[in-house]
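Reading through the structure tokens given below for one structure.
Every chain is numbered from 1 and lettered A, B, ... according to where its sequence line falls, protein lines coming before strand lines.
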Amino acid sequence: MQDFQKQMCDFLIRRGIKNFIGVPDSTLKNFIEEATKRKKIIIATREEEAIGIATGMLLANSPTLVFMQNAGFANSLSTITSLVQLYEFPVVFLIGWRGFQKNDAPEHKKIGKIQPKLLKDLELDKKILNKNNWKTVCTWAINQTQKGNSCALIIPREFVD
Amino acid sequence: MIRKEAIELCLDEIKEQPIIAANGFISRDLFNAKDRNTNFYMIGSMGLASSIGLGVALKTPKKKIFVFDGDGNILMNLGSLTTIGSLKPKNLIHMVFDNSVHESTGSQPTNTNFVSIEKIAKACNYNHTFTVKTKNGFEKILRKIKKLKGPIMIVVKIQRSNGEKSARINHEPTEIKERFMQS
């Protein structure tokens, strides 16, 4: 079901993304595996740290994506407002959406529920990815960064393990 | 030595090389000491100066990148030391101006009263670590590190400033970013 993630990683690399910085999420496992194989990845200790490294790379003109689970997105709110948005860094966020399904583990339920509203209140433009639309959505994200905007790509967790 | 004196002292040695400065009085003192296009003033996002510096250092291996950090700042992002120590950028010089208080918010104590940041950096595989307490000692280390490979940490023990506050940075954040990227 998540096989498109490898193609998506390859597509983003070919469209100019040079670095993938983040904290692992099982929803994004295949994407992270491909980025690791391509040696373009740094695993950070926290999501805020990942965003810091990414903005440093952007200061050096190197296009960068930050990946995380939505729990980590919640950790990152202040860094998004006071670093990414304040300085207008064109970060692409890739966020795994836990708590998308009602039967997900209990710790994911609340954040999964409020995530759409958080993104909206942050005014962070987002699109939800699936195996059919990923290419269009990734092209949209690249266009956003070329205009100097940050944006978020969301992958819902559509399976329970 | 107070922070402003320490910053002025190392600017003589750093010349035009990039500096990523932590938020609060560290950025403000740097701005007042010498406003350069190669200064990145981190206004918000407390804790992340070393992470931003790491990102710049990895992507500009031919330049030496200086991080001006504070004790309160780095204590918020100790994980960063493990990432820097794992990736080992040779061109990263991480200075921590350590007064053992959060001076920008009213001088509340930090844990560096009890715990050594230098020892943590050493345990995290920084290539060289130093602690300096005097101007003379600091000048010597600044000359010495020119021949050393990073990551390097210098903990600069400073006294609290006596109520003298540097002016706020008068550049827009986007301007700070743009001029840094073009320099």
### Task
Name the region of A:S62, side chain, backbone, both or neither, that has any atom closer than 4.5 Å to a heavy atom of chain B.
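The side chain, not the backbone.
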### Task
Measure A:L58 against the heavy atoms of chain B and call it side chain, backbone, both or neither at under 4.5 Å.
backbone
Heavy-atom cut-off 4.5 Å, strictly under: side chain, backbone, both or neither for [X] against chain A?
| X | value |
| --- | --- |
| B:L78 | neither |
| B:T82 | side chain |
| B:L58 | side chain |

### Message
Just so I understand: if I count every heavy-atom pair under 4.5 Å between each of B:G79, B:A57, B:P18, B:S50 and chain A, which residue has the most?
### Response
B:G79
### Task
Heavy-atom pairs under 4.5 Å with chain A are the metric here; pick the option from B:I176, B:T60, B:T83 that has the most.
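Sorted descending by pairs with chain A, the first entry is B:T83.
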### Message
Angle between ring planes, A:W134 versus A:F4, binned at 30° and 60°: parallel, tilted or perpendicular?
### Response
parallel
### Task
Could you verify whether a donor N or O on one side chain and an acceptor N or O on the other, from B:N127 and B:K88, lie under 3.5 Å apart?
yes
### Straight-line distance of B:L9 CG to B:L142 CG, nearest 0.5 Å
6.5 Å
### Message
Can you confirm whether or not the ring centre of A:F93 sits under 6.0 Å from the ring centre of A:F67?
### Response
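Between A:F67 and A:F93, which both carry aromatic rings, the centre distance is not below 6.0 Å.
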### Task
Check each of A:R15, A:R38, A:K37 against A:D10 using the side-chain hydrogen bond (donor to acceptor under 3.5 Å, both in side chains) test, and report the only one that passes.
A:R38
Pick from [options] with the largest number of heavy-atom pairs that fall under 4.5 Å of chain B:
| options | answer |
| --- | --- |
| A:R46, A:E48, A:K18 | A:E48 |
| A:A54, A:G56, A:A44 | A:G56 |
| A:L83, A:T45, A:L59 | A:L59 |

### Message
Does A:E123, at its CD atom, have more than 12 non-hydrogen atoms belonging to other residues, nucleotides or ligands within less than 6.0 Å?
### Response
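Check fails, neighbour count at 12 or below.
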### Task
Output yes when B:D29 and B:K4 qualify as a salt bridge under the 4.0 Å nitrogen-oxygen rule, no when they do not.
no
